[in-house]
Amino acid sequence: MTAPATPNAGPVADAARLQAALLTAADLPAGFVALPDPVRDLGLPPATAAAGADKSSTTPQACAEVLREVADQSPGSLTRAAVRFGGPSFTSIDTDAASFPATGASQAFTRIQSTLTQCTEYRGTDADGVQVGYRLGGLDQSKVGDASTAVRLTTASDGVTMTSDVVIAMVGSTVLQVVASGQQPVEPEVLTGLASTAVDRIRGAVVAG
């Protein structure tokens, strides 16, 4: 979907306000709890490529951008925020957002879509060097926000397959991403509900600001 050339609302310029506008455990299905951020919440130093002889890789390299936080995929944001939740049976729900100046949100949304289009099938290794295969395709989801797109990423490694259903949406000058992962796909109505709630919370932060 084409992003609006001119955002209809400004950015969430306060990082704490943007963080508070993300999904909370109360917005999620029962059984999900917020996971602490190693750097922000636990005070640990940021991970480095050299730490622990990390053997992870992605081919083509550009596809390593898939599902990275919006602010990492498209630098230049004014503020960024992220929160991750763990649930039953190895399920997870992650959400992140980045607010941009001027036309930055439109550029970020377009850049992310371009990466998704180029990475329909790719491969790589995890941190231990185990081979991983990826398949990426479109997902039929209701539109949310000012513009949105949805995809399904299937990850296969060592006989185990994980599915990540993803919605990327633009709300004014903010781009957000909601990722629901598990061994079974999330119900479509659950993903739509999560994305709609995420958009409403961001829009509320813009208005409040």
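Values below: every heavy atom of this structure, side chains too, minus hydrogens, waters and symmetry copies.
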Asks: Which atom names give the shortest non-hydrogen contact between S77 and A98, and what distance separates them?
Replies: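 Closest approach of S77 to A98: CB-CB, 3.9 Å.
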
Asks: Grab the two heavy atoms, one from F85 and one from D94, that are nearest each other, plus how far apart they are.
Replies: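 That would be N-OD1, 3.9 Å.
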
Asks: Considering only distance and modelled atom types, tabulate donor-acceptor pairs under 3.5 Å from the side chains of residues 2-13, sequence neighbours left out.
Replies:
residue: N8; atom: ND2; partner: D146; partner atom: OD1; Å: 3.2

Asks: Over all heavy atoms of both residues, which pair between D165 and T163 is shortest? Give the atoms and the distance, please.
Replies: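 Heavy atoms only, the tightest pair is OD1-CG2, 3.7 Å.
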
Asks: Using a 3.5 Å cut-off and no angle test, enumerate the donor-acceptor pairs between side-chain atoms of residues 67-74 and protein atoms at least two apart in sequence or in another chain.
Replies:
residue: R68; atom: NH1; partner: E65; partner atom: OE2; Å: 2.7
residue: E69; atom: OE1; partner: R80; partner atom: NH2; Å: 2.8
residue: E69; atom: OE2; partner: R84; partner atom: NH2; Å: 2.8
residue: D72; atom: OD1; partner: R80; partner atom: NH1; Å: 3.1
residue: D72; atom: OD1; partner: R80; partner atom: NH2; Å: 3.1
residue: D72; atom: OD2; partner: R80; partner atom: NH2; Å: 3.2
residue: Q73; atom: NE2; partner: E65; partner atom: O; Å: 3.3
residue: Q73; atom: NE2; partner: R68; partner atom: O; Å: 2.9

Asks: Treating Ile, Leu, Val, Met, Phe, Trp and Tyr as nodes and any side-chain heavy-atom pair under 4.5 angstrom as an edge, say whether L139 and I93 lie in one connected cluster.
Replies: yes

Asks: Under 4.5 Å between side-chain heavy atoms, counting indirect links through other Ile/Leu/Val/Met/Phe/Trp/Tyr residues: same cluster for V199 and L18 or not?
Replies: yes

Asks: Compare every heavy atom of S57 with every heavy atom of T125, then report the nearest pair and how far apart it is.
Replies: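 Distance-wise, the nearest heavy atoms are OG1-OG, 2.7 Å.
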
Asks: Ignoring hydrogens, what is the shortest heavy-atom contact between T115 and A62? Give both atom names and the distance.
Replies: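 That closest heavy-atom pairing would be CG2-O, 4.0 Å.
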
Asks: Is there a path from V144 to V175 through hydrophobic residues (I, L, V, M, F, W, Y) whose side chains come within less than 4.5 Å of each other?
Replies: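 They do not share one cluster, since no chain of ILVMFWY contacts under 4.5 Å joins V144 to V175.
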
Asks: Side chain to side chain contact (heavy atoms under 4.5 Å, CB included) between V167 and L176: does it pass, once the steps are laid out?
Replies: CA-CA 8 Å; V167 174; L176 64 89; 5.8 Å; no

Asks: Calculate, to the nearest 0.5 Å, the distance between atoms CG and CG belonging to D14 and L78 respectively.
Replies: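 The CG atom of L78 is 11.5 Å from CG of D14, to the nearest 0.5 Å.
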
Asks: Return yes if some donor-acceptor pair links the side-chain N/O of T91 with the main-chain N/O of P88 below 3.5 Å, else return no.
Replies: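 Between the backbone of P88 and the side chain of T91 there is a qualifying donor-acceptor contact (under 3.5 Å).
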
Asks: Closest heavy-atom contact between P75 and R111?
Replies: CD-NH1, 3.7 Å

Asks: When you look at S106 and M170, which way does the side chain to side chain contact (heavy atoms under 4.5 Å, CB included) test go after all the steps?
Replies: CA-CA 8 Å; S106 298; M170 183 173 163; 3.3 Å; yes

Asks: Could you give the distance from CD1 (I112) to CD (Q177), rounded to the nearest 0.5 Å?
Replies: 6.0 Å

Asks: Is it true that atom CZ of R152 has more than 12 heavy atoms of other residues, nucleotides or ligands lying nearer than 6.0 Å?
Replies: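 More than 12 heavy atoms, drawn from other residues, nucleotides or ligands, come within 6.0 Å of this atom.
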
Asks: Hey, does the side chain of T117 reach the backbone of Q113 with a donor-acceptor pair shorter than 3.5 angstrom?
Replies: yes

Asks: Could you please spell out the steps behind the side chain to side chain contact (heavy atoms under 4.5 Å, CB included) verdict for V66 and Y134?
Replies: CA-CA 10 Å; V66 174; Y134 304 88; over 6 Å; no

Asks: Start with the C-alpha distance between T79 and R17, add both sets of side-chain angles, then the distance that settles side chain to side chain contact (heavy atoms under 4.5 Å, CB included), and finish with yes or no.
Replies: CA-CA 10 Å; T79 54; R17 183 185 295 276; over 6 Å; no

Asks: Just checking, any donor-acceptor pair under 3.5 angstrom between side chains of D200 and T197?
Replies: no

Asks: Please output the side-chain donor-acceptor pairs of residues 178-194 that fall under 3.5 Å, not counting sequence neighbours, one pair per line with the distance.
Replies:
residue: S181; atom: OG; partner: S164; partner atom: OG; Å: 2.6
residue: T192; atom: OG1; partner: Q141; partner atom: NE2; Å: 2.5
residue: T192; atom: OG1; partner: P188; partner atom: O; Å: 3.1

Asks: From S157 OG over to M162 CE, what is the distance, rounded to the nearest 0.5 angstrom?
Replies: 11.0 Å

Asks: Checking R201 side chain against L22 main chain: does a donor-acceptor pair fall under 3.5 Å?
Replies: yes

Asks: Atom SG in C119, atom CG in L153: separation rounded to 0.5 Å?
Replies: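 The SG atom of C119 sits 10.0 Å away from the CG atom of L153.
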
